[in-house]
Amino acid sequence: MNNRLKVLRAEHNWSQAELALRLDVSRQAVNAIETGKHDPSLSLAFRIARLFKIPIEEIFNDGQE
Amino acid sequence: MTAKSEDLHEDRPMSSKVAAISFLLGMVALMGFVSAAQLVGWVIFVDDFVWGSAQGRRVMIVLPVSLLIGGAALWGLMRLKPWGGPISPATRKTNILFYVSGLVAVPGALALGIGSRQSPGGFFSNSTIPLGIAIFAITSWLLALAISWWWYYSADEHERKAYDFGSLLGHGLFITVTPAWWVAARAGLLPQPDAMVLWCITMGVIGIGWFWHRYR
């Protein structure tokens with residue numbers, strides 16, 4: 001699964017730790033999602049989308065389109 | 001709250017320096033703890049005969065060396081500030097539960113070390129121990145396990161997945177090695193299976209798999 005989390009985070013000028021704080025997860029979790037080593041659950045993906053105020057499909061892409 | 005520019009481009013979940021120091025600290029802490037348990041047992045029960053023995057000399061070397069290396073490693077770790085920024089409330093809770101579950105097991109392990117103080121293997125020996133010490137150690141272990149379950153269900157999904165990965169590796173190793181060792185022992189190829197050797201290997205594999213998955 002590809003994602004734009006790192007770009008979105010940089011646009012908000014947040015470190016991984018600051019984003020993790022906002023999502024209530026560990027910094028390692030944010031790092032793993034950004035680097036594609038962990039696909040977030042639906043509930044975490046929704047939390048991420050709500051935080052950035054954009055639809056999920058604008059953050060995550062399964063490469064099928 | 002804004003990040004410094006270098007913080008925006010982190011790619012590694014943990015620096016190799018922090019990982020190396022943490023591993024060293026864990027190993028030294030284990031060695032130091034085993035020696036400390038024997039020393040406390042000798043002091044409490046005034047076992048004078050051990051001081052001049054090879055066992056006594058080993059403890060008197062290992063303990064101060066462990067303290068020295070462990071202290072230096074801890075100092076180095078604090079200087080590197082591996083937590084690197086704010087920590088979310090859920091992560092703080094799981095960190096606290098993780099350390100509490102470890103601390104709860106310490107009195108039981110210490111009691112076990114004291115009960116095994118006269119055995120050359122110390123903590124890791126299979127020597128007979130008093131019933132009271134066994135009950136105390138088992139209770140301490142069960143309490144630690146209960147807290148570790150609480151930790152598991154408080155951890156975020158990435159942490160749980162990493163732990164599940166390590167557990168699957170440990171499970172695979174245990175169900176492979178245990179019957180193979182048992183059969184080999186029956187054929188006289190190996191000594192009788194040792195439960196604690198199997199446990200230590202399994203826990204080691206779980207730990208390696210868990211941390212590799214978490215920090216890869």
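As the structure is a computational prediction, the values presented were derived from the model and not from experiment.
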(Q) How long is the straight-line distance from OH of B:Y215 back to NZ of A:K37, given to the nearest 0.5 Å? (A) 13.5 Å
Q) Can you list the residues that meet the side chain to side chain contact (heavy atoms under 4.5 Å, CB included) rule with B:M27, with sequence neighbours excluded? A) B:F23
Q. Based on non-hydrogen pairs under 4.5 Å, which of A:P40, A:A29, A:S43 is most in contact with chain B?
A. A:A29
Q) Sequence neighbours excluded, which residues qualify as side chain to side chain contact (heavy atoms under 4.5 Å, CB included) partners of B:V59? A) B:S35, B:Q38, B:L39, B:W42
Q.
If the condition is side chain to side chain contact (heavy atoms under 4.5 Å, CB included), which residues does B:L97 pass it with, not counting sequence neighbours?
A. B:K93, B:I147, B:W150, B:W151, B:S154
Q.
Please give me the minimum heavy-atom distance between B:E157 and A:D39, naming the atom from each residue.
A. OE2-O, 4.2 Å
Q.
Heavy atom to heavy atom, less than 4.5 Å: which residues from residues 158-176 of chain B reach chain A?
A. B:H158, B:K161
Q. Are more than 12 heavy atoms from other residues, nucleotides or ligands located less than 6.0 Å from atom CH2 of B:W212?
A. yes
**Q.** Check: B:R216 side chain, A:A32 main-chain N or O, donor-acceptor pair, under 3.5 Å
**A.** no
(Q) Determine whether a donor-acceptor pair (N or O, by modelled atom type, separation under 3.5 Å) exists between the side chain of A:S26 and the backbone of B:T91. (A) no
**Q.** Any A:D24 side-chain heavy atom under 4.5 Å of B:P89 side chain
**A.** yes
Q) side-chain contact (heavy atoms from CB on, under 4.5 Å) between B:S88 and A:R27: does it pass, once the steps are laid out? A) CA-CA 9 Å; B:S88 74; A:R27 189 180 77 79; over 6 Å; no
